[in-house]
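Everything below concerns the one structure shown next.
Ligands are counted one by one from 1 in listed order, and the atoms in each one are counted from 1 as well. Because the structure is a prediction, the values reported are computed rather than measured.
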Amino acid sequence: PTLEKDILPLYFGWFLAKRDEDNLRKTAHEFLEQLGNLKAFKKRLQAFGREDKHKLDLLKYFAKTPNILHCTTKFCDYGKMPGSEEYAQLEAVRKGYSKAFTLHISALFITPRTAGAQVELTQEQLHVWPSDAEREAMPKDVLPRGSRAHITLGCAADVQDVQTGIDLLEFVKLQQAGREGENMGELLGSKISYYDNGMWMLALPRKKEIKTIFSGYYG
Ligand code: A2P
């Protein structure tokens, strides 16, 4: 008999390796700096609570950045969230725990609330993706499994990190409905698109590979 019991973390997720974390922070910095200076962006500031043509420093606007860059799979709140125990027991989760995974970033995006990186999961990675992640965030919509996968890069004042995935699903919803966004030219060698309501997305023609470790954060 044993008294040991698994402790559930605050959340499970893929944690970026130091080098790739530094690199992504740098890319995010450049993205925010250049987007903030883009003429087309300066003309569309109202969703950000600013008057058009006034300066908006996006690095200051998204000053709240995560301590550790990661892609959350399951938020458990130490077991208080429904389904946490079942998730932790999944064979793919137990097997994948503390293993290395290469994630693929397909786009960077901002909304008036959050800045994030869209993550495109492989079939193998989908095995550790909770089956209800998309439904939990958008109960009324049927969105492809894994479409909520993201890395939070920054939040506006008074906005919680959890909002980033919800914002990403808003983009996916529009894209599923056939909306591609308005092409606003190039930024960092990629196409920048505008989707109304202060939603901007930079689609990366070559997906950015990042090394991660699948683990839990216990805070
Ligand atoms: P995200 O994955 O979008 O970055 P917190 O610091 O608020 O406790 O959150 C810890 C991590 O768990 C963050 O990465 C956060 O958002 C994510 N998170 C927080 N709440 C939820 C939730 N209800 N559902 C999914 N992920 C969450």
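- Checked against Tyr11 for a ring-ring contact (aromatic ring centres under 6.0 Å, His included), the options Tyr217, Tyr78, Phe75 give a single hit: Tyr217.
- Below 30°, between 30° and 60°, or above 60°: for Trp14 and Trp129 the angle between ring planes is below 30°, a parallel geometry.
- Close N/O approach between Tyr11 and ligand 1 is not found [any backbone or side-chain N/O within under 3.5 Å].
- Between Ile166, Asp161, Leu153, it is Asp161 that holds the heavy atom closest to atom 16 (O) of ligand 1.
- Contacts between Lys74 and ligand 1, counted as non-hydrogen atom pairs separated by less than 4.0 Å, are absent for every part of the residue.
- Polar contact check, His150 against ligand 1: a nitrogen or oxygen pair lies under 3.5 Å apart.
- Looking at heavy atoms from C-beta onward, Lys173 lies in side-chain contact with Leu143 at the 4.5 angstrom threshold.
- Comparing Phe75, Phe12, Tyr217 against atom 27 (C) of ligand 1, the shortest heavy-atom distance belongs to Phe75.
- Contact annotation for atom 1 (P) of ligand 1: protein present (non-hydrogen atoms, distance under 4.0 Å).
- Here the protein heavy atom with the shortest distance to atom 4 (O) of ligand 1 is Thr152 OG1, 2.6 Å.
- For the pair Asp161 and Lys64, the salt-bridge criterion is not met [side-chain N within less than 4.0 Å of a carboxylate O].
- Between Trp200 and Phe41, the gap from one ring centroid to the other is short of 6.0 Å.
- The closest side-chain heavy-atom distance from Arg145 to Leu126 is below 4.5 Å.
- Two residues are said to be in side-chain contact when any heavy atoms from C-beta on lie closer than 4.5 Å; Phe109 and Met199 fail this criterion.
- Residue contacts with ligand 1 for Leu10 involve side-chain atoms from C-beta outward but no N, CA, C or O (heavy atoms, distance under 4.0 Å).
- For atom 14 (O) of ligand 1, the nearest protein heavy atom (residue, atom name, distance) is His70 NE2, 2.5 Å.
- The Arg148 neighbourhood of ligand 1 comprises atoms 24 (N), 25 (C), with distances under 4.0 Å to a heavy atom of that residue.
- Looking only at distances, a side-chain donor or acceptor of His70 sits under 3.5 Å from a matching main-chain atom of Ile68.
- Considering only non-hydrogen protein atoms, atom 22 (C) of ligand 1 sits nearest to Val162 CG2, 3.3 Å.
- The distance criterion of under 3.5 Å between nitrogen or oxygen atoms is met by Thr72 with respect to ligand 1.
- In terms of polar-atom proximity, Gln160 is not counted as a contact of ligand 1, lacking any N or O under 3.5 Å from an N or O of the ligand.
- Within the structure, salt bridge (charged side-chain N to carboxylate O under 4.0 Å, His left out) contacts touching residues 204-216 (residues at least two apart or in different chains) are Glu120-Lys207.
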